Structure formats: structure tokens, C-alpha cells
S.K.: 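Before anything else, here's the structure in question.
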Amino acid sequence: MPTSNQQNWVEVGRIEDIPPLGARLVKSPKGDIAVFRTQGDEIFALRDKCPHKGGPLSQGIVHGKKVACPLHDWKIHLDTGLAVAPDEGCAARFPVEVRDGLIYLSLEPASGR
Ligand code: FES
């Protein structure tokens, strides 16, 4: 378990529990969080709410380090939560850490709301 802000971190399972190029939905008291897995098994977490009209990013497809929103196909950068230009907006980003194949997620956003 990461040591900083220990009470805000939760274990969300193993990397293999997330479909490649997909996401796993984590329910938190402050809203749903989508935890994504890239082709290279990198893990990112964003608020499960597209900055356009709130589409469920957890149901999008991951391309590289971006996810395509299933509603109107905006692309969102997984590492920043920012929409790819010319679209504008930002989904909150949450810290994640992988230790021994286990994913830990902070429920406090690193950026955004
Ligand atoms: S709600 Fe995501 S692109 Fe429109």
C-alpha cells in the first residue's frame, strides 16, 4: 500500500483483472472512477465522466494513452485527463500505483474534480 495519504488508497485488483485496452469501474463515495489498462500494461485512472457531456469513459476503447468516449468519440489523454484538441475540457485524474501486479488507486484526485 502506498504510504502517502494511506487512508485514501484502495486496492482495486490485479492488472489482469482489467481487459487490455479497456477499463474497470471503481465506485467511490465521491463518484465513479475508471481505471484503464493500455497496450503496454500501463494503468491510469480518470473520473468516469467525459468532459463533454458526461459519457462513461470506462466504456470507451483505449488507443495508445488516450481513451475514446463511447458517446461522441472525443479523445481524452489518460495521463492528464485533457481532451484532445480541438475539443476542450478535462476529466479529473487520480493517482494509481502498481506494486507486485496489484493496482492501488487514490480516491483523491490529483487534478480536476
Ligand atoms: S459525452 Fe463524451 S464525447 Fe460527448
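Remember, it's 1-based here, ligands and their atoms both numbered in the order they're listed. Quantities reported herein were computed from a predicted structural model and do not represent experimental measurements.
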S.K.: Could you list the cluster mates of Leu46? Members are the ILVMFWY residues connected by side-chain heavy atoms closer than 4.5 Å, either directly or through other members.
M.R.: Leu21, Phe36, Phe44, Leu57, Val62, Val67, Trp74, Ile76, Leu78
S.K.: Report the distance from atom CG of Asp87 to atom SG of Cys69, rounding to the nearest 0.5 Å.
M.R.: 10.5 Å
S.K.: Using 0.5 Å steps for rounding, measure from the CG atom of Leu105 to the CD atom of Glu97.
M.R.: 10.5 Å
S.K.: Charged N to carboxylate O under 4.0 angstrom, Arg24 versus Asp17?
M.R.: yes
S.K.: So, are Lys65 and Asp79 salt-bridged, with charged N and O less than 4.0 Å apart?
M.R.: no
S.K.: With hydrogens left out, which residues have an atom under 4.0 Å from ligand 1, given that only heavy atoms count?
M.R.: Cys50, His52, Lys53, Gly54, Gly55, Cys69, Leu71, His72, Asp73, Trp74
S.K.: Tell me whether Glu42 is salt-bridged to Arg37, with the criterion being a basic N under 4.0 Å from an acidic carboxylate O.
M.R.: no
